[in-house]
Number of protein chains: 2
Amino acid sequence: MEKKFSSIKQPKSYELIFNQIKESIIKGVFKPGDKLPSESDLVTQFQVSRHVVREALRSLQTAGFIEIKQGAYGGAVVLEMNFELLSGALSDMLRLGKISISQLTEVRKSLETEVARLAAKRATTDDLNKLSATLIEEPIMNFKDRIKESVTFHHVLSLCSHNPIYTIMMDSLLDLIHKLIIIVKPEKEILPGKVTHKMIYEAVRMKDEKKAVELIIEHMSKTASELKKYEEKYIKENFNKLDEQKTGLNEILKSFRYNFDHVNNYKTI
Amino acid sequence: MEKKFSSIKQPKSYELIFNQIKESIIKGVFKPGDKLPSESDLVTQFQVSRHVVREALRSLQTAGFIEIKQGAYGGAVVLEMNFELLSGALSDMLRLGKISISQLTEVRKSLETEVARLAAKRATTDDLNKLSATLIEEPIMNFKDRIKESVTFHHVLSLCSHNPIYTIMMDSLLDLIHKLIIIVKPEKEILPGKVTHKMIYEAVRMKDEKKAVELIIEHMSKTASELKKYEEKYIKENFNKLDEQKTGLNEILKSFRYNFDHVNNYKTI
DNA sequence: TACGATTTGTCCGTATGTATA
DNA sequence: ATATACATACGGACAAATCGT
């Protein structure tokens, strides 16, 4: 038969809806906290069945864009940007053997190095206050609190770089690495704690880029070699526990919001 | 009131099914290429309605675990996990974070530097062949093809680092940057093309880490300063067009598969 | 405390589209 | 070309959760 018409393979309905809503979230039509229209509203707007709408919403939920609550005054609510999806996907990759702990720590080392350098270069007095606030004075702390302190410090340090891309990337790695540490629960000090962190803070405060970089490299190398010990024998059997662990990074993000400067408020390159 | 009982919030049915299938995929019960039971089979196995099963499968598809084909002998097939979804998610996050061009190029510069260093250190002869294959000899090319060549080169270079996390991060940055370039459509040469790339390739081939780093820094600085010109006046109004642009990165990823060595097959730190 | 209203969660039945043997 | 097996889509119904009164 002669070809008179070109193929018009329709993308699936749910996919069109998924993309449309996703893009409007990214563009800011719906902001975090906003409620999406109810299922029945979307049904009338898109002129499809409820089933299709539900598949689209479910996909948006899986992709980490919305949260869905049942009941009156419930519905789909747009979420804050969260790294949990990324760190979750990374942990899946880890469990699947697609990435290794060495690779994780390697990337973290290079990111932290650059972050430390930029922090020393750009940290404002306000940044320094926030950073010093993460250094708790009390000497005795339980394991979970120490993890939380560590996560907080490195998160806030990344904020001092004044580049949100570093923060997003760092948070994903940070969350996963600290979940691993919780699983490993090393007897020895894998968390150098406030001593090293305080030294890094001081270097940042003095705007001593070289010293900050030097310190963070040592810090990262130590953590990496500690974790490496456990790589083979212990962790693989406990990978399935990864999902259950919590680092408290979420709560930290809520207190230290992503309050980045306006886009062009600082010098680059 | 005293807390006598712990919360017994029932997970939704679709979620239980999602997790159960996901876990069995990760644990290897279903391997890449395997077909999952059909919808109706799953309905009888899980004793739930068809709709619930569909939502679970849709979520698994969104999360990148399976591919669903229509028709006889169709159904849900387990995918080989790759990093496309992860870099796509990162790309979305970055767009949500309202980042600037300067911030993009800044992070890219530091990542590319590390990538180039590692590539020079670790590239195998097979890597080198693939890398040289990206350097097209023909002198005349249209704009889109030049973009494509550039993206391909940097993507394959990141593969040479033998650390997929770098590739994930690089891909998401490359995606955004090249979308910007397409919007900007600079008259002047923003893409240095094969001259610079060939020099970098040579440095990698000679395992000259220092030279490779030196070259890539210059390369990045040049690209960054070219792009920066457009930051103020042009791009802001066109940022919303980002999602419409296509870099062809997807097709490139398909041809240059993520064939990383087994996880512990290389030296680190 | 109890009840009603709203919204999502689940189920059933049916019909249509699509790809393969 | 047809039959088969599967996903896609629709409509209606009721259950469950969660709010405000």
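Residue numbers start from 1 in every chain, and the chains themselves are labelled A, B, ... in the order their sequence lines are given, proteins ahead of strands.
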Q: Measure across B:Asp34 and B:Val29 and return the closest heavy-atom pair with its distance rounded to 0.1 Å.
A: OD2-O, 4.2 Å

Q: Find the partner of D:dC10: check Watson-Crick (N1-N3 plus N6-O4 or O6-N4) and G-U wobble (N1-O2, O6-N3) distances, both under 3.5 Å, and reply none if neither fits.
A: C:dG13

Measure [atom1]/[X] against [atom2]/[N] and give the value in whole Å, please.
X       : N      : atom1 : atom2 : result
A:Phe18 : D:dA9  : CZ    : P     : 15 Å
B:Leu60 : D:dA7  : CG    : C1'   : 16 Å
A:Leu36 : C:dT7  : CG    : P     : 14 Å
A:Lys12 : C:dT18 : NZ    : C1'   : 8 Å
B:Lys35 : D:dA5  : NZ    : P     : 11 Å
A:Ile68 : D:dA17 : CD1   : P     : 16 Å
A:Glu15 : D:dA7  : CD    : C1'   : 14 Å

Going by atom type alone, with no hydrogens or angles, which donor-acceptor pairs under 3.5 Å involve a side-chain atom of residues 60-70 of chain A and a protein atom two or more places apart or on another chain?
from: A:Gln61; atom 1: OE1; to: A:Arg58; atom 2: NH1; distance (Å): 2.9
from: A:Gln61; atom 1: OE1; to: B:Tyr14; atom 2: OH; distance (Å): 3.1
from: A:Thr62; atom 1: OG1; to: A:Arg58; atom 2: O; distance (Å): 2.9
from: A:Thr62; atom 1: OG1; to: B:Ser59; atom 2: OG; distance (Å): 2.9
from: A:Gln70; atom 1: OE1; to: B:Lys12; atom 2: NZ; distance (Å): 3.0

Q | Donor-acceptor pair (no angle test) under 3.5 Å: B:Gln70 side chain, C:dT18 base | A | no

Q) Can you find a donor-acceptor N/O pair under 3.5 angstrom joining the side chain of B:Glu39 to the base of D:dA7? A) no

Q.
What verdict does the side chain to side chain donor-acceptor pair (under 3.5 Å) test give for A:Asp175 and A:Ser87, after you've listed the backbone C-alpha separation in whole Å, the side-chain angles of each residue and the deciding distance to 0.1 Å?
A. CA-CA 7 Å; A:Asp175 188 58; A:Ser87 86; 2.8 Å; yes

Q | Student check: side-chain heavy atoms of A:Lys98 and B:Pro164 closer than 4.5 Å | A | no

Q) Within less than 4.0 Å of OP1 or OP2 of C:dT10, is there a side-chain N or O belonging to B:Ser13? A) yes

Q) Taking only N and O in the side chain of A:Arg58, is any of them less than 4.0 Å away from OP1 or OP2 of C:dG9? A) yes

Q.
To the closest 0.5 Å, what do you measure between CD (B:Glu84) and CG (B:Leu79)?
A. 10.0 Å

Q. Atom CD1 in A:Ile26, atom CE in B:Met93: separation rounded to 0.5 Å?
A. 8.5 Å

Q. What pairs with A:Ser24 under side chain to side chain donor-acceptor pair (under 3.5 Å), at least two apart in sequence or on another chain?
A. none

Q: Apply side chain to side chain donor-acceptor pair (under 3.5 Å) to B:Thr44 and list each qualifying residue two or more places apart in sequence or on a separate chain.
A: none

**Q.** Pairwise salt bridge (Lys or Arg N to Asp or Glu O under 4.0 Å) hits with a residue in residues 42-53 of chain A, at least two apart
**A.** A:Glu39-A:Arg50

Q) At under 4.0 Å between heavy atoms, what does A:Leu57 touch on the DNA or RNA strands: base, sugar-phosphate, or nothing? A) nothing

Is there any protein nitrogen or oxygen under 3.5 Å from a nitrogen or oxygen in nucleotides 19-21 of chain D, and what are the pairs?
none

Q) In residues 46-55 of chain A, which ones come under 4.0 Å of DNA chain D, going by heavy atoms? A) A:Val48, A:Ser49, A:Arg50, A:Val52

